[in-house]
Amino acid sequence: MAPNSELPRISVIVPARNEEAHIATTLAAIVAQDVDEPFEIIVADGGSTDRTREILSEFSAVHPGKLHVVPNPAGGTPQAMNVLLGAARGDVLVRIDAHSSPPIDYVRRLVERIRSGECEAAGGQKRAIGEGPFGRAVAIAHGSKFGIGDSKYHYASEVMYVDHIPFGAYLRERARAVGGWDEELVRNQDFDFDYRYGRAGGRLLLDPTIVIDWAVRETPVALARQYFQYGYWKYRVLRKHPSSLHLRWLIPPGFVAVLTLGAPVALVSPSARKSLGLTLGAYSVFLAAAAVSSRGEPREVAARIPLAISTMHLSWGAGFLTSAIKRRL
């Protein structure tokens with residue numbers, strides 16, 4: 001860590017709200033970073049009502065002068081990111097999620113990519129970590145094309161330019177020039193920001209050898225809520241940026257629409273019943289293939305993979321459709 005008298009060249013920024021379960025681990029990983037340049041740690045607290053503020057105070061007492069906490073009265077993630085953007089003094093920002101645990105060389109390697117001139121933003125692989133059997137199944141789903149589709153930062157094996165990076169490093173002035181994070185977007189504001197950053201000439205580089213661990217939801221209900229919101233706000237992002245559309249985004253809402261509309265028709269139409277049966281049968285085979293592909297996993301984990309994947313797909317699709325319907329109405 002840099003002495004207080006040194007102007008930081010890197011700002012590690014962390015949005016947080018009610019993160020007592022993870023924030024201590026995250027801060028410990030950040031303060032241990034092997035970085036040659038002076039850097040600062042800034043946490044934007046969104047009015048936490050658990051022990052988050054107490055943990056931040058304890059950390060500051062152990063590491064005096066190494067943590068700056070700024071208030072985020074609005075409480076939301078995009079508002080936190082803009083508060084952090086305004087408070088940052090380093091010319092490079094590195095965003096770390098309060099649920100994550102970066103390796104000791106994470107910040108240094110991302111910044112080196114930017115300093116080399118080959119990109120204006122850099123990110124690595126987002127490796128999902130679960131604790132219980134269902135959480136581990138969710139983690140496997142995140143790292144599989146069966147669960148996530150073509151989100152390269154979950155499983156890419158080579159360096160490439162992409163349109164979105166998780167927990168990335170950015171040039172502070174470029175981030176300010178594109179207007180920061182869109183505070184209308186409760187979720188998917190990171191994709192929206194990356195899209196605008198890229199459209200403004202910022203090249204986003206994904207280096208999958210740089211890995212950050214990220215804690216997943218541990219229950220089906222929590223996972224469903226998370227993915228419903230992802231789908232809901234993905235439609236809002238699409239409304240803002242139609243050219244950002246990936247055709248794979250339409251598959252989950254299309255599947256949910258088929259199930260929702262096909263079920264009542266199937267009650268009175270044999271042909272519709274047959275079509276719906278074929279659709280469900282094909283999806284069941286898809287889920288079974290996902291479970292079989294997880295070789296070496298304990299039985300209690302493999303058995304929960306179909307539930308994890310179907311929860312992600314159906315919740316995301318339902319959220320997307322709900323958002324679209326609300327917009328039309």
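Throughout, numbering of the chain's residues begins at 1 and tracks the sequence.
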Can you list, pair by pair, the side-chain donor-acceptor contacts under 3.5 Å of residues 7-14, counting residues two or more places apart and other chains?
from	atom 1	to	atom 2	distance (Å)
R9	NE	E37	OE1	3.4
R9	NH1	E37	OE1	3.0
S11	OG	E40	OE2	2.5
S11	OG	R89	N	3.3
S11	OG	G90	N	2.8

Name each donor-acceptor pair under 3.5 Å that joins a side chain in residues 273-280 to protein atoms two or more places apart or in another chain, with its distance.
from	atom 1	to	atom 2	distance (Å)
R273	NH1	A266	O	2.5
S275	OG	S271	O	3.1
T279	OG1	S275	O	3.0

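Within the structure, the ring-ring contact (aromatic ring centres under 6.0 Å, His included) test picks out the following pairs touching residues 67-105 (sequence neighbours left out): H22-H99. Among residues at least two apart or in separate chains, side-chain hydrogen bond (donor to acceptor under 3.5 Å, both in side chains) pairs with a member in residues 176-186 are N82-E183, E173-R176, D182-K240, E184-K240.
With F191 as the partner, the ring pair (Phe, Tyr, Trp, His ring centres under 6.0 Å) test is satisfied by one option alone out of Y197, W249, Y230: W249. The residue from Y227, W233, Y235 that alone fulfils the ring pair (Phe, Tyr, Trp, His ring centres under 6.0 Å) condition with F320 is Y235.
One finds the CD atom of E297 at 12.5 Å from the CZ atom of R304 (value rounded to the nearest 0.5 Å). The distance from atom CD1 of I96 to atom CH2 of W214, rounded to the nearest 0.5 Å, is 14.5 Å. Taking OG1 of T26 as the reference point, atom CD of E19 lies at 7.5 Å (rounded to 0.5 Å). To the nearest 0.5 Å, atom CG of residue D213 and atom OG1 of residue T25 are 11.5 Å apart. Rounding to the nearest 0.5 Å places CD1 of I165 at 4.5 Å from CG of L204. Considering CD1 of I305 and OG of S310, their distance stands at 11.5 Å, rounded to 0.5 Å.
The ring of F167 has its center no closer than 6.0 angstrom to the ring center of Y106.
Side chains of T52 and V43 form no contact here, defined as non-hydrogen atoms less than 4.5 Å apart. Looking only at side-chain heavy atoms (C-beta outward), F59 and I23 stay at 4.5 Å or farther from each other.
Listed by chain and residue number, nothing satisfies the ring pair (Phe, Tyr, Trp, His ring centres under 6.0 Å) test with Y232 (two or more places apart in sequence, or in another chain). Here Y161 pairs with nothing under the ring pair (Phe, Tyr, Trp, His ring centres under 6.0 Å) rule; sequence neighbours left out.
Side-chain atoms of N18 come within 3.5 Å of backbone atoms of T49 as a donor-acceptor pair (strictly under, hydrogens ignored). Distance alone, capped at 3.5 Å, places no donor-acceptor pair between the E118 side chain and the I114 backbone.
Aromatic ring pairs are classed by plane angle as parallel below 30°, tilted from 30° to 60° and perpendicular above 60°; the pair F286 and Y283 is parallel.
Side-chain contact, R109 with T209: a donor N or O sits under 3.5 Å from an acceptor N or O.
Residues R115 and D91 are paired through a salt bridge, judged by an N-O separation under 4.0 Å between the basic side chain and the carboxylate.
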